[in-house]
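Atoms within a ligand are numbered from 1 in the order they appear, just like the ligands themselves.
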Amino acid sequence: MSDNSSSPTKIIAIVGAGFSGALTAVNLLRQNPGDALRIILVDRGTRPGRGLAYGTWDDNFLLNVPAGNMSALADDPGHFVRFCQHIDPAFNSATFASRRLYGDYLELTLRQEAERNRGTSLEKVHGEAIAVRQQPGDNAYQIDLANGRSIRAHQVVLALGHFPPLNPAPIAGLHKTSAYIGNPWDSAALERSYGEAPIALLGMGLTALDVLFRLTSISDTPKIYLVSRHGLFPQPHRFNPKPPAAAGFPPFLENLPPTVRAYSRALRSEIRKNATRGGDWRDIINLLRPYTPQIWRQFPLEERKRFLSRAVAYWDIHRHRLAPSAHLRLSSMIESGQVEAVAGYIQGCVVNGSNLSIKIRERHTGHLRELNISRVVNCTGPNCDISKVTVPLVVQLRDEGYLQQDPTRIGFEVNDDYQVINRQGRPAENLFYIGPMLKARFWEAIAVPELRVHARRLAERLTSDRPEKQEGTAPR
Ligand SMILES: Cc1cc2nc3c(=O)[nH]c(=O)nc-3n(C[C@H](O)[C@H](O)[C@H](O)COP(=O)(O)OP(=O)(O)OC[C@H]3O[C@@H](n4cnc5c(N)ncnc54)[C@H](O)[C@@H]3O)c2cc1C
């Protein structure tokens with residue numbers, strides 16, 4: 001069945017109703033478009049706004065950004081704190097609220113905007129989009145869902161979130177065994193591991209810590225190894241973090257050659273100087289945040305690649321920090337011996353009946369170490385290499401040339417108007433992307449403080465009625 005509309009109303013379909021998709025809808029509604037606009041939000045799930053990050057029921061999982069910087073609305077920084085204070089007046093901008101509460105907040109924000117704009121139809125469609133194709137003739141798009149339904153829209157926004165990690169080559173033999181959990185966000189698979197004998201998590205970043213807390217919040221899992229090449233955990237936020245100071249472009253980065261080496265040196269030197277004045281390194285990292293897209297753009301391709309191969313592990317643990325209480329929880333697990341960090345390179349694995357062993361070349365000693373475990377969870381981080389994504393919708397769009405991989409292989413190629421760039425290198429007409437893979441263009445684009453700004457700009461772009469080229473840009 002096709003949902004056709006012959007009215008002059010513009011139809012915008014947003015595929016993916018997690019944070020980015022829901023916030024794009026919120027910003028469209030805030031423009032009070034009346035009946036000139038119809039918004040269709042498509043998602044496999046049923047609770048808009050929650051997505052991967054905010055769908056948890058467990059209040060033990062905290063936001064990793066203080067409440068004062070988690071407003072969903074770019075022009076109203078106190079919006080989330082006020083929501084929290086309605087529940088508990090003790091909340092303040094330095095509180096690390098739970099992700100469950102944040103999901104409630106996003107759902108409510110969308111509902112309130114929809115109620116305020118009854119003239120604009122907001123339709124939530126449940127289902128998985130498996131194909132998006134431009135139609136000959138009027139150049140509108142047809143979105144096909146796995147349940148057989150199809151939707152017609154004048155503009156389509158892809159807000160698909162993260163893709164599961166790639167399977168690491170050294171443990172290729174494990175991929176098809178029940179001892180291997182390839183998707184760290186597969187709650188059902190994790191639940192089956194509760195209480196099991198030693199488990200190894202591949203990765204030590206925020207995804208691995210999420211899985212660690214999940215495995216240990218319900219049951220007493222005896223021992224968990226966290227294995228990564230660098231052996232680095234995310235750094236903690238301070239208790240009572242200061243709101244980021246509004247400052248101009250950091251003077252210590254002015255007039256530098258656009259190289260990773262020059263920027264790293266300048267940053268380290270400024271952190272040292274600041275420490276001699278009693279300052280904290282976090283304040284210096286925070287100064288960069290509004291200017292990271294500008295810096296990223298100045299870097300030639302080779303330097304971006306150098307950053308991704310040599311510096312990103314160090315950048316990530318300083319930039320993407322943990323709530324202080326989550327860090328304390330991790331530290332006490334390490335002290336008690338329940339958790340052990342292993343820095344090294346996986347050499348291979350052997351399956352022995354229901355158990356397995358992985359061999360690791362330790363980073364600092366070069367010794368070969370063998371871990372005997374019952375399960376491995378792949379927490380190496382979302383796959384951003386579009387050429388390797390196996391999700392049906394992305395496969396169709398990629399194979400039919402509607403979108404392409406960026407040259408650093410960390411996301412979709414888009415322009416400043418959020419239009420995806422097609423195989424011919426042209427902006428695809430009326431096909432847009434928003435989400436963490438904007439990092440290919442802006443680098444700093446995966447968390448709420450940036451995505452809320454992108455959602456607002458995208459909504460403005462969608463309704464700007466800028467003339468589009470009339471010839472079809474559907475690639476052939
Ligand atoms: C565990 C976790 C914790 C985080 N914590 C924080 C935090 O504390 N602070 C912060 O600032 N940032 C945090 N982030 C960063 C996070 O990336 C963003 O906050 C935001 O959630 C990204 O939103 P998104 O809409 O792009 O993806 P998601 O919110 O994951 O939404 C994607 C949606 O698309 C749907 N979808 C995908 N494909 C299809 C399809 N083909 N058809 C139909 N529906 C589809 C999915 O069902 C999902 O609902 C966290 C991220 C994760 C993963």
Q | Under 3.5 Å: N/O of Ala53 near N/O of ligand 1 | A | no
**Q.** Distance from atom 11 (O) of ligand 1 to nearest protein heavy atom, with residue and atom
**A.** Val448 N, 2.8 Å
(Q) Closer than 4.0 Å to some heavy atom of Gly435 - which atoms of ligand 1 meet that? (A) 26 (O)
Q: Please report the closest heavy-atom contact between Ile143 and Ala129, naming both atoms and the distance.
A: CG2-CB, 3.9 Å
Q: Would you mind running through ligand 1 and noting each atom that sits below 4.0 Å from a heavy atom of Ala447?
A: 10 (C), 11 (O), 12 (N)
**Q.** Residue, atom name and distance, where the atom is the protein heavy atom closest to atom 34 (O) of ligand 1
**A.** Gly16 CA, 3.2 Å
Q: Identify, by atom number and element, the atoms of ligand 1 in contact range of Gly127, meaning under 4.0 Å from any of its heavy atoms.
A: 42 (N), 43 (C)
**Q.** Contact check: Asp210 vs ligand 1, nitrogen or oxygen atoms, below 3.5 angstrom
**A.** no
Q. In the protein, which heavy atom is nearest to atom 37 (C) of ligand 1, and how far is it?
A. Leu160 O, 3.3 Å
Q. Is the closest side-chain heavy-atom distance between Thr292 and Arg319 below 4.5 Å?
A. no
Q: Report the nearest protein non-hydrogen atom to atom 27 (O) of ligand 1: residue, atom name, distance rounded to 0.1 Å.
A: Gly161 CA, 3.2 Å
**Q.** Residue and atom name of the nearest protein heavy atom (relative to atom 8 (O) of ligand 1), distance in Å to one decimal
**A.** Asn64 N, 2.8 Å
**Q.** Reported CH2-to-CZ distance for the pair Trp57 and Arg50, which is rounded to 0.5 angstrom
**A.** 13.5 Å
Q: May I ask you to identify the nearest protein heavy atom to atom 30 (O) of ligand 1, giving residue, atom name and distance to one decimal place in Å?
A: Leu52 N, 3.0 Å
Q) Does ligand 1 have an atom that lies less than 4.0 angstrom from a heavy atom of Gly49? A) no
Q | Shortest protein contact, atom 44 (N) of ligand 1 (heavy atom only) | A | Arg44 N, 3.2 Å
Q) Any cation-pi pair here, Arg329 with Phe213, using under 6.0 Å and within 45°? A) yes
Q) Does a side-chain heavy-atom distance below 4.5 Å link Asn274 with Trp281? A) no
Q: Compute the centroid of each ring, for Phe307 and then for Trp443, and state whether the two points are separated by less than 6.0 Å.
A: yes
Q. Hey, are Arg238 and Asp283 close enough for a salt bridge, meaning a charged N less than 4.0 Å from a carboxylate O?
A. yes
Q.
Closer than 4.0 angstrom, basic N to acidic O: yes or no for Asp75 and Arg30?
A. yes
Q: Any atoms of ligand 1 less than 4.0 Å from a non-hydrogen atom of Leu63? List them with their elements.
A: 8 (O)
**Q.** CA sep, side-chain torsions, deciding dist, call: Arg457, Glu460, salt bridge (charged side-chain N to carboxylate O under 4.0 Å, His left out)
**A.** CA-CA 5 Å; Arg457 286 192 196 140; Glu460 285 163 6; over 6 Å; no
Q. Does the cation-pi check pass for Arg100 over Phe61, that is, NZ or CZ under 6.0 Å from the six-membered ring centre and within 45° of its axis?
A. no
Q | Phe233 and His327 aromatic centres sub-6.0 Å | A | no
Q.
Checking side-chain polar atoms at under 3.5 Å, does Thr408 have a donor or acceptor matched by the opposite partner on Asp406?
A. yes
Q. What about Arg99: any of its N or O atoms under 3.5 Å from an N or O on ligand 1?
A. no
(Q) Evaluate Trp185 for polar contact with ligand 1, using N/O atom pairs at a separation under 3.5 Å. (A) no
**Q.** Contact check: Ala129 vs ligand 1, nitrogen or oxygen atoms, below 3.5 angstrom
**A.** yes
Q | Interfacing atoms of ligand 1 (cut-off 4.0 Å, heavy-atom, Phe19) | A | 20 (C), 21 (O), 23 (O), 25 (O), 29 (O)
Q) What part of Tyr102, side chain from CB on, backbone N/CA/C/O, both or neither, has a heavy atom under 4.0 Å from ligand 1? A) neither
Q.
Please report whether the ring centroid of Tyr105 lies less than 6.0 Å from that of Phe80.
A. yes
Q) So is there a nitrogen or oxygen of Ile446 less than 3.5 Å from a nitrogen or oxygen in ligand 1? A) yes
Q) Among protein heavy atoms, which sits nearest to atom 19 (O) of ligand 1, and what does the distance come to when rounded to 0.1 Å? A) Tyr54 OH, 2.7 Å
Q) In ligand 1, which numbered atoms sit nearer than 4.0 Å to a non-hydrogen atom of Gly51? A) 28 (P), 29 (O), 30 (O), 31 (O), 49 (O)
Q) Hey, is ligand 1 close enough to Asp43 that some N/O pair sits below 3.5 Å? A) yes
(Q) Check the orientation of Tyr141 and Tyr402. Use parallel for under 30°, tilted for 30 to 60°, and perpendicular for over 60°. (A) tilted
Q | Proximal ligand 1 atoms for Ala159, defined as those under 4.0 Å from one of its heavy atoms | A | 32 (C), 33 (C), 34 (O)
(Q) Using a 4.0 Å heavy-atom cut-off, which part of Leu451 comes near ligand 1: side chain, backbone, both, or neither? (A) side chain
(Q) Looking at every non-hydrogen atom in both residues, tell me the closest pair between Pro184 and Leu190 and how far apart they are. (A) O-CD1, 3.4 Å
Q.
Taking 4.0 angstrom as the limit and counting only heavy atoms of Ser20, give me the atoms of ligand 1 inside it, by number and element.
A. 23 (O), 24 (P), 25 (O), 26 (O)
